[in-house]
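Reviewing the structure listed below.
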Amino acid sequence: MALDPVGNVALALQIVILFLLILGLPFVKGLSSKKNLKRHGYSTALAVVLHTVLVFVIMVPSFVSGLGEIGELSFLDALNVWSHAVLGTLAEVLGVFLVVVWLRKGPSMMACAHWRRWMLPTFVIWVVSVVGGALVHILGMI
């Protein structure tokens with residue numbers, strides 16, 4: 001069975017977003033200059049904007065159109081689809097929140113230092129959601 005071309009584009013964009021998030025990390029690690037914080041913030045903001053567009057243009061319509069099929073899936077497949085949806089939503093909300101906080105405060109060390117403890121868990125939740133979404137797409141669950 002051939003994979004859905006729209007899903008292929010979404011998965012490729014998710015990989016690009018992952019690299020944007022990873023790329024932002026070395027700019028900040030061990031460095032405290034405003035320039036490095038701006039690079040980190042802008043790369044994260046770009047990743048969140050791309051992800052938000054992807055969610056509303058591709059993922060939500062795909063999920064809504066496949067909602068009836070979820071009931072026909074095995075328990076594990078349905079669990080994967082629902083966990084992808086829930087974790088993806090959580091990652092999106094946390095990502096938007098962190099970017100909005102950063103944009104409101106600007107590239108100050110205090111804004112990043114205060115919210116830093118939320119960044120890694122958000123990233124981990126997002127990665128787990130991406131893996132679940134890749135399985136949904138590759139295995140053709142919905």
Side-chain angles (χ1 to χ4, degrees), residues 1-70 73-142:
M1 168 175 34
L3 294 176
D4 170 33
V6 174
N8 292 341
V9 170
L11 187 54
L13 283 173
Q14 286 290 0
I15 292 167
V16 168
I17 293 166
L18 174 64
F19 282 117
L20 276 173
L21 291 171
I22 291 171
L23 223 126
L25 296 177
F27 291 124
V28 178
K29 187 149 179 105
L31 302 172
S32 61
S33 75
K34 276 191 171 191
K35 184 178 179 182
N36 290 320
L37 288 172
K38 281 184 183 181
R39 285 181 187 158
H40 171 65
Y42 288 132
S43 104
T44 302
L46 178 59
V48 169
V49 167
L50 283 173
H51 187 255
T52 302
V53 169
L54 200 57
V55 165
F56 287 105
V57 171
I58 296 175
M59 293 180 196
V60 169
S62 174
F63 182 76
V64 169
S65 71
L67 208 50
E69 298 173 34
I70 295 174
L73 295 174
S74 71
F75 174 76
L76 289 177
D77 288 351
L79 181 65
N80 182 56
V81 170
W82 281 108
S83 65
H84 168 63
V86 170
L87 291 174
T89 301
L90 181 60
E92 175 68 17
V93 169
L94 289 170
V96 168
F97 176 77
L98 289 169
V99 167
V100 167
V101 166
W102 179 77
L103 288 172
R104 286 188 66 225
K105 301 273 184 173
S108 78
M109 276 300 291
M110 293 307 288
C112 280
H114 181 70
W115 293 102
R116 183 176 177 177
R117 67 179 178 258
W118 288 90
M119 292 177 191
L120 182 60
T122 301
F123 179 76
V124 170
I125 291 167
W126 181 80
V127 169
V128 170
S129 173
V130 168
V131 170
L135 288 173
V136 168
H137 171 64
I138 292 169
L139 299 177
M141 292 177 185
I142 60 171

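In what follows, every heavy atom counts, from backbone to side chain, and hydrogens, waters and symmetry copies are set aside.
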Rounding to 0.5 Å, atoms CG (L13) and CG (N8) come to a distance of 11.0 Å

Q. What do the steps show when you test Y42 against L46 for side-chain contact (heavy atoms from CB on, under 4.5 Å), and what is the final call?
A. CA-CA 6 Å; Y42 288 132; L46 178 59; over 6 Å; no

Heavy-atom closest pair (H137 atom, D4 atom, distance to 0.1 Å) is CE1-O, 3.3 Å

Within the 4.5 Å heavy-atom criterion, are T44 and L98 side-chain neighbours or not?
no

Can you check whether E69 reaches L73 side chain to side chain, under 4.5 Å on heavy atoms?
no

Legend entry - Derivation of the side-chain contact (heavy atoms from CB on, under 4.5 Å) call for L54 and I17: CA-CA 10 Å; L54 200 57; I17 293 166; 4.3 Å; yes

Here the gap from L120 atom CG to I125 atom CD1, rounded to the nearest 0.5 Å, amounts to 9.5 Å

**Request:** Applying side-chain contact (heavy atoms from CB on, under 4.5 Å), run through Q14 and M59 and close with a yes or a no.
**Result:** CA-CA 11 Å; Q14 286 290 0; M59 293 180 196; 2.8 Å; yes

Correct closest heavy-atom pair for A47 and L21 would be CB-CD2, 3.7 Å

Inset, instruction - Start with the C-alpha distance between F123 and L94, add both sets of side-chain angles, then the distance that settles side-chain contact (heavy atoms from CB on, under 4.5 Å), and finish with yes or no. - result: CA-CA 9 Å; F123 179 76; L94 289 170; over 6 Å; no

side-chain contact (heavy atoms from CB on, under 4.5 Å) with V53: of L50, V57, V55, only one passes, and it is V57

Checking L87, L90, T89, V124 against S129 for side-chain contact (heavy atoms from CB on, under 4.5 Å), the one that qualifies is L87

Heavy atoms of T122 and A91 approach each other most closely as CG2-O, 4.0 Å

